[in-house]
Amino acid sequence: MQLIPKSHPRAKSLLVREKLVKGFDNGLVAKEGLLAQGRGEAFDYLLGEKTGKAAARAIKAAAAQLLLAEMPVISVNGNIAALCPKQVVRLSKQIKAKIEVNLFYTNANRKRAIIRTLKKNGATEILGSKSDSSTKLSGIDSARRIVDKNGIFVADIVVVPLEDGDRTMALRKAGKTVITFDLNPLSRTSQTASITIVDNVTRAIDLLIVECKKMSKSNKKDLHRIIADFDNKKNLRESVNQIKNNLTRRARVA
Ligand code: PTJ
């Protein structure tokens, strides 16, 4: 029985939830990934389950930054592999970025399943699985410190969707530009990343691909100007205000 029309944002959220549960059943997602999804859903609801102006601005800045990158890497965890593997591969091709699997809750079987899924979706080279090319990033206690010598370790820009705060901080300290997708504008990752896209990755990643395509012919000066005009802290405050305004509106209706 269909209770909510398919086009309704709530119905789309339920489909995203199903993808994650399926990803868990297929060995891609950690148990803790289900909790992360729940937290994300709550923030998505508060944000109005749509891409706001602040997110759109961050997407544009992220596209400019990625188009100027010399060695961009997209970091993939279990949730991302379950939610948008096709888009990760598409984005990597659009901006010529490497893909590296990097897990918080390390598990060799899960890593293999994630690599299989990315390959099924068109990825050719996936970093993060060979111990002879791994090294450690300092300042991280979790398994996320193990990175590929030819990937995250030498990247200038790292895309880290649905991340924990420690690694974002460590990557920034290592001099890297960090782009994240995080529905919680108050999380440590959101607060420490260079560019935070406060939106559901399942909506925002498609918009980022489109933006990268649109801006691919732009000259470097214009791309630099977009980045210089972007203020992550200010943008995050705008996302917090988006939540406040939605709450006020809903409270008035109730
Ligand atoms: O696969 P692993 O082992 O690398 O583990 C991945 C998880 C996600 C479990 C791990 O990175 C983790 O525990 O992350 P956190 O600390 O729970 O943070 C996840 C953040 O992503 C939270 O701020 C959520 O609000 C946010 N989030 C959840 N779902 C989405 C999201 N942001 C954007 N889009 C989503 N779909």
Side-chain angles (χ1 to χ4, degrees), residues 9 12-24 26-52 54-55 58-59 62 74-85 87-88 91 99-115 117-118 128-129 137 140-147 152 158-171 178-193 195-208 236 239-240 243:
K12 289 186 186 155
S13 295
L14 293 176
L15 282 177
V16 172
R17 185 189 291 179
E18 270 172 38
K19 267 191 188 175
L20 207 90
V21 171
K22 209 164 153 200
F24 176 74
N26 292 338
L28 298 172
V29 176
K31 265 193 275 185
E32 293 81 356
L34 299 172
L35 302 175
Q37 164 74 13
R39 204 161 37 244
E41 280 185 18
F43 277 101
D44 207 5
Y45 180 78
L46 294 173
L47 284 159
E49 292 171 319
K50 59 175 192 238
T51 306
I59 289 168
I74 306 170
S75 180
V76 175
N77 63 23
N79 286 47
I80 292 303
L83 292 177
C84 43
Q87 289 92 330
V88 164
L91 178 64
I99 297 176
E100 180 166 339
V101 178
N102 180 280
L103 303 182
F104 186 84
Y105 302 100
T106 187
N107 174 319
N109 285 339
R110 198 152 64 82
K111 201 174 248 188
R112 271 194 291 275
I114 292 169
I115 290 172
T117 297
L118 289 168
S129 65
L137 202 66
I140 313 177
D141 292 329
S142 75
R144 282 219 199 277
R145 69 183 182 283
I146 313 291
V147 293
I152 290 172
V158 192
V159 182
V160 293
L162 274 83
E163 183 68 18
D164 63 289
D166 285 348
R167 188 166 68 134
T168 306
M169 185 75 89
L171 290 169
V178 178
I179 298 171
T180 191
F181 296 85
D182 194 329
L183 280 158
N184 177 2
L186 302 170
S187 77
R188 266 189 321 137
T189 294
S190 287
Q191 297 285 329
T192 46
I195 299 175
T196 308
I197 300 167
V198 181
D199 195 7
N200 200 315
V201 66
T202 57
R203 277 192 299 270
I205 195 165
D206 284 318
L207 299 175
L208 180 59
L236 285 168
S239 294
V240 172
I243 291 176

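Computed from a predicted structure; not experimentally measured. In each ligand, atom 1 is the first atom listed, and ligand 1 is the first ligand listed.
Taking Pro185 as the reference, Phe43, Val198, Leu236, Ser239, Val240, Ile243 meet the side-chain contact (heavy atoms from CB on, under 4.5 Å) condition, with sequence neighbours excluded.
If you number the atoms of ligand 1 from 1 as listed, the ones under 4.0 Å from a heavy atom of Gly33 come out as 9 (C).
The closest approach between any non-hydrogen atom of Ile80 and ligand 1 is not below 4.0 Å.
Using a 4.0 Å threshold on non-hydrogen atoms, atom 12 (C) of ligand 1 does not count as touching the protein.
Environment of OH in Tyr105: crowded, with over 12 heavy atoms of neighbouring residues, nucleotides or ligands closer than 6.0 Å.
For ligand 1, none of its N or O atoms has an N or O atom of Gln37 under 3.5 Å away. Residue Gly78 places at least one N or O, backbone or side chain, under 3.5 Å from an N or O of ligand 1. Residue Ser187 places no N or O, backbone or side chain, under 3.5 Å from any N or O of ligand 1. At a 3.5 angstrom cut-off on N or O pairs, Arg39 counts as close to ligand 1. Between Leu162 and ligand 1, an N or O atom pair is found at a separation short of 3.5 Å. The N/O atoms of Asn79, backbone and side chain alike, include none that comes under 3.5 Å of an N/O atom in ligand 1. When only interatomic distances are considered, the shortest N/O to N/O separation between Leu83 and ligand 1 does not fall below 3.5 Å. In terms of polar-atom proximity, defined here as any N/O pair under 3.5 Å, Leu103 makes no such contact with ligand 1.
With Ser190 contributing its side chain and Leu186 its backbone, the two residues share no donor-acceptor pair below 3.5 Å.
Using a cutoff of 4.0 Å between basic side-chain nitrogens and carboxylate oxygens, Arg203 and Asp44 are scored as salt-bridged.
The protein heavy atom nearest to atom 23 (O) of ligand 1 is Asp182 OD1, 2.8 Å. Nearest protein heavy-atom neighbour of atom 36 (N) of ligand 1: Asn200 OD1, 2.9 Å. Shortest contact from atom 18 (O) of ligand 1 to any protein heavy atom: Glu163 O, 3.4 Å. When only non-hydrogen protein atoms are considered, atom 10 (C) of ligand 1 lies nearest to Arg144 NH2, 3.9 Å. Among all protein heavy atoms, the one lying closest to atom 34 (N) of ligand 1 is Val201 N, 3.0 Å. At the top of the distance list for atom 5 (O) of ligand 1, counting protein heavy atoms only, stands Tyr105 CD1, 3.8 Å. Annotation: atom 33 (C) of ligand 1 to nearest protein heavy atom, Asp199 O, 3.4 Å. Ranking the protein heavy atoms by distance from atom 32 (N) of ligand 1 puts Leu183 N, 3.1 Å first.
The shortest heavy-atom contact between Arg167 and Ile152 is NH1-CD1, 3.4 Å. Across all non-hydrogen atoms, the minimal contact from Leu34 to Val29 is N-CG1, 4.3 Å. Summarising the geometry of Ala62 relative to Leu208, their closest heavy-atom pair is CB-CD1, 3.9 Å, with the distance given to 0.1 Å.
Sorted by first then second residue, the side-chain hydrogen bond (donor to acceptor under 3.5 Å, both in side chains) pairs that include residues 28-42, not counting sequence neighbours, are Arg17-Glu41, Gln37-Glu41.
When heavy-atom distances to ligand 1 are checked against a 4.0 Å cut-off, Arg110 comes that close only through its side chain, counted from C-beta outward.
Between Thr189 and Asp182, the side chains place no donor N or O within less than 3.5 Å of an acceptor N or O (distance only, hydrogens not considered). No side-chain donor from either of Ser75 and Arg144 sits under 3.5 Å from a side-chain acceptor of the other.
Distances from atom 6 (C) of ligand 1 to the heavy atoms of Val29, Asn77, Leu34 put Asn77 nearest. Between atom 28 (C) of ligand 1 and the options Ala82, Ala36, Ser13, Pro161, the minimum heavy-atom separation is to Ala36.
Taking CD from Glu163 and CD1 from Ile80, the interatomic distance works out to 10.0 Å, rounded to the nearest 0.5 Å.
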